[in-house]
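Okay, so here's the structure we're looking at.
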Amino acid sequence: MPAIEMRYKNYIRLLRPRHWLKNLFVLAAPFFGAGLFRPDRVGMAVVSVIAFSMAASATYIINDIIDRKRDLLHPDKALRPIAAGLVGIREALILWGVLLGVALMLAYRINVGFLSCVIVYAVVQIAYCLYLKGVALVDVFIVAMGFVIRVIAGGEAFGIVVSEWLLVSMLMVSLMLATGKRISEAALLSALAKKHRSSMDDFPPELLHDVLAITSAASLISYALYTVEQSRNLVYTVPIVTFGLFRYLHLAHKGKGDPTDAMTSDKWLGLTVLLWLAIVALLRYNYFV
């Protein structure tokens, strides 16, 4: 029984459930568009997040298969089930097929537009795993595009026209988070960073910090313009977002820029995000009226 339980846990670890938090980006358009918290929309919100979570986990499996040797150079990634030899490649490929099939079936149940976004996401991520992650700058943009696709997918699912400024904000925030993660990897691995991720060979630390500064400033400006476009009251959330961005920059410069780890381990950043979401909800859903 313990062996079976351990094997089950290895499969769960392969899915990286902690990273499913990223798939809440699917709800960005309906949340900001005041179309999320309705009884007839709750089921679709749950299904859309699950569909993208399954598609994302399928991508993680392909990534772990391709990177299994390079992951051994990373102190944390070396413990991943495939790199550590705890899950075989054949088993992983079967699980990948099941997850992708479930994702596509759930997406089809929502609508064709959402299904198209899931397919595009899967294709782009596979291309990233196979080749694009080794190209400096392109790798960061591909990661950011994954989040933008999620936002567009949410608009398709809920029939909401996504604001151009919201898309720009999400793109800039995603670029910032992807860059912050690269900085953390460079700080953690030092000389081994280039062997672990070939794109780091053409991506010196100085450039990473420049990109982080530019994208964080662009994130703040584009979000401020989005609030002005949508509602005057939303402008009052800009100081909260500013503090959140500064807190993340602080963590990134300390080598703690992995977005998932930063959100779940830093109480100040976590509380800031929760406060921001709560105030946006109160403003967008007229709870102050």
Would Lys133 and Asp139 pass as an ion pair if we require N to O under 4.0 Å?
-> no
Under the side-chain contact (heavy atoms from CB on, under 4.5 Å) criterion, do Met176 and Leu212 qualify, and how do the steps go?
-> CA-CA 5 Å; Met176 179 189 72; Leu212 184 67; 3.7 Å; yes
Inter-residue atom distance Ile65.CD1 - Ile82.CD1, 0.5 Å rounding | 4.5 Å
Has the side chain of Asp67 got a donor or acceptor atom that lies under 3.5 Å from a matching backbone atom of Arg70?
-> no
Neighbour count >12 (heavy atoms, 6.0 Å) for atom NZ, Lys256 | no
Do Phe114 and Tyr108 have ring centroids that are under 6.0 Å from one another?
-> no
Looking only at heavy atoms, which two atoms of Val168 and Ser222 are closest? And how far apart?
-> CG1-CB, 3.7 Å
Min side-chain heavy-atom separation Arg80-Leu14 under 4.5 Å = no
Hey, can you tell me if Phe32 and Tyr226 have their rings parallel, tilted or perpendicular (30° and 60° cut-offs)?
-> perpendicular
For Phe25, is the NZ or CZ atom of Arg150 found under 6.0 angstrom from the centre of its six-membered ring and inside 45 degrees of the ring axis?
-> no
Please report the closest heavy-atom contact between Ala51 and Ala103, naming both atoms and the distance.
-> O-CB, 3.3 Å
Could you give me the CA-CA distance, side-chain angles and deciding distance for Val140 and Val211, then say whether side-chain contact (heavy atoms from CB on, under 4.5 Å) is met?
-> CA-CA 10 Å; Val140 176; Val211 172; 5.6 Å; no
Are Leu79 and Ile66 connected in a single hydrophobic cluster, I mean Ile/Leu/Val/Met/Phe/Trp/Tyr linked by side-chain heavy atoms less than 4.5 Å apart?
-> no
With a 4.5 Å limit on heavy-atom distance, are the side chains of Asp64 and Trp96 in contact?
-> no
Is there side-chain contact between Leu15 and Leu99, with at least one heavy-atom pair below 4.5 Å?
-> yes
Leu100 and Met54: CA distance, side-chain angles, deciding distance, side-chain contact (heavy atoms from CB on, under 4.5 Å) verdict | CA-CA 6 Å; Leu100 189 58; Met54 296 300 99; over 6 Å; no
Output the distance between atom CD (Gln230) and atom CG (Leu166), rounded to the nearest 0.5 Å.
-> 7.5 Å
So do the side chains of Leu24 and Phe31 get within less than 4.5 Å of each other, counting heavy atoms only?
-> no
Do Asn111 side-chain atoms and Glu156 backbone N/O form a donor-acceptor pair below 3.5 Å?
-> yes
Same cluster (ILVMFWY, side-chain, under 4.5 Å), Leu115 and Val123 = yes
For residues Arg247 and Thr272, determine if any side-chain heavy atom of one lies less than 4.5 Å from a side-chain heavy atom of the other.
-> no
Nearest heavy-atom neighbours spanning Gln125 and Thr59 = CB-CG2, 3.4 Å
Rounded to the nearest 0.5 Å, how far apart are CE of Met145 and CG of Leu171?
-> 7.0 Å
Just wondering, more than 12 heavy atoms not from Phe141 lying within 6.0 Å of its CZ?
-> no
Establish, from distance only, whether the side-chain atoms of Asn23 and Ser53 form a donor-acceptor pair under 3.5 Å.
-> yes
Begin from the C-alpha positions of Ser174 and Val143 and carry the test side-chain contact (heavy atoms from CB on, under 4.5 Å) through to its verdict.
-> CA-CA 7 Å; Ser174 302; Val143 172; over 6 Å; no
For Ile110 and Met44, the nearest pair of non-hydrogen atoms, with its separation, is CG2-SD, 3.9 Å
Between the side chains of Thr237 and Tyr223, is a donor N or O closer than 3.5 angstrom to an acceptor N or O?
-> yes
Hey, does the side chain of Asp210 reach the backbone of Leu208 with a donor-acceptor pair shorter than 3.5 angstrom?
-> no
Between Ser57 and Trp20, is any side-chain donor less than 3.5 angstrom from a side-chain acceptor?
-> yes
Evaluate the side-chain proximity of Val151 to Val26: yes if any heavy-atom separation is below 4.5 Å, no if none is.
-> no
Roughly how far, to the nearest 0.5 Å, is the CG atom of Leu130 from the CG atom of Asn63?
-> 10.0 Å
So if you build clusters from Ile, Leu, Val, Met, Phe, Trp, Tyr with side-chain heavy-atom gaps below 4.5 Å, do Leu21 and Met170 land together?
-> yes
Is the shortest heavy-atom distance from the side chain of Val273 to the side chain of Met263 under 4.5 Å?
-> yes
Drop me the distance from Ile214's CD1 to Leu207's CG, to the nearest 0.5 angstrom.
-> 8.0 Å
Minimal heavy-atom distance between Ile240 and Ile279, with the atoms involved, is CD1-CD1, 3.3 Å
Do you know the tightest heavy-atom contact between Ala252 and Gly180?
-> CB-CA, 4.2 Å
Do the side chains of Leu274 and Tyr236 join up, straight or via other hydrophobic residues, at under 4.5 Å, putting them in one cluster?
-> no
Val238 vs Leu220 side-chain heavy atoms within contact, under 4.5 Å = yes
List, one per line, each side-chain donor-acceptor pair under 3.5 Å for residues 86-94, sequence neighbours excluded.
from	atom 1	to	atom 2	distance (Å)
Glu91	OE1	Arg7	NH2	3.4
Glu91	OE1	Gly88	N	2.8
Glu91	OE2	Arg7	NH2	2.2
Glu91	OE2	Tyr11	OH	2.8

Could you verify whether a donor N or O on one side chain and an acceptor N or O on the other, from Thr264 and Arg18, lie under 3.5 Å apart?
-> yes
So, Arg68 side chain and Gly85 main chain: donor-acceptor pair closer than 3.5 Å or not?
-> no
CG of Leu175 to OG of Ser216: how many Å apart, nearest 0.5 Å?
-> 11.0 Å
Same apolar cluster: Leu277 and Val241, side chain cutoff 4.5 Å | yes
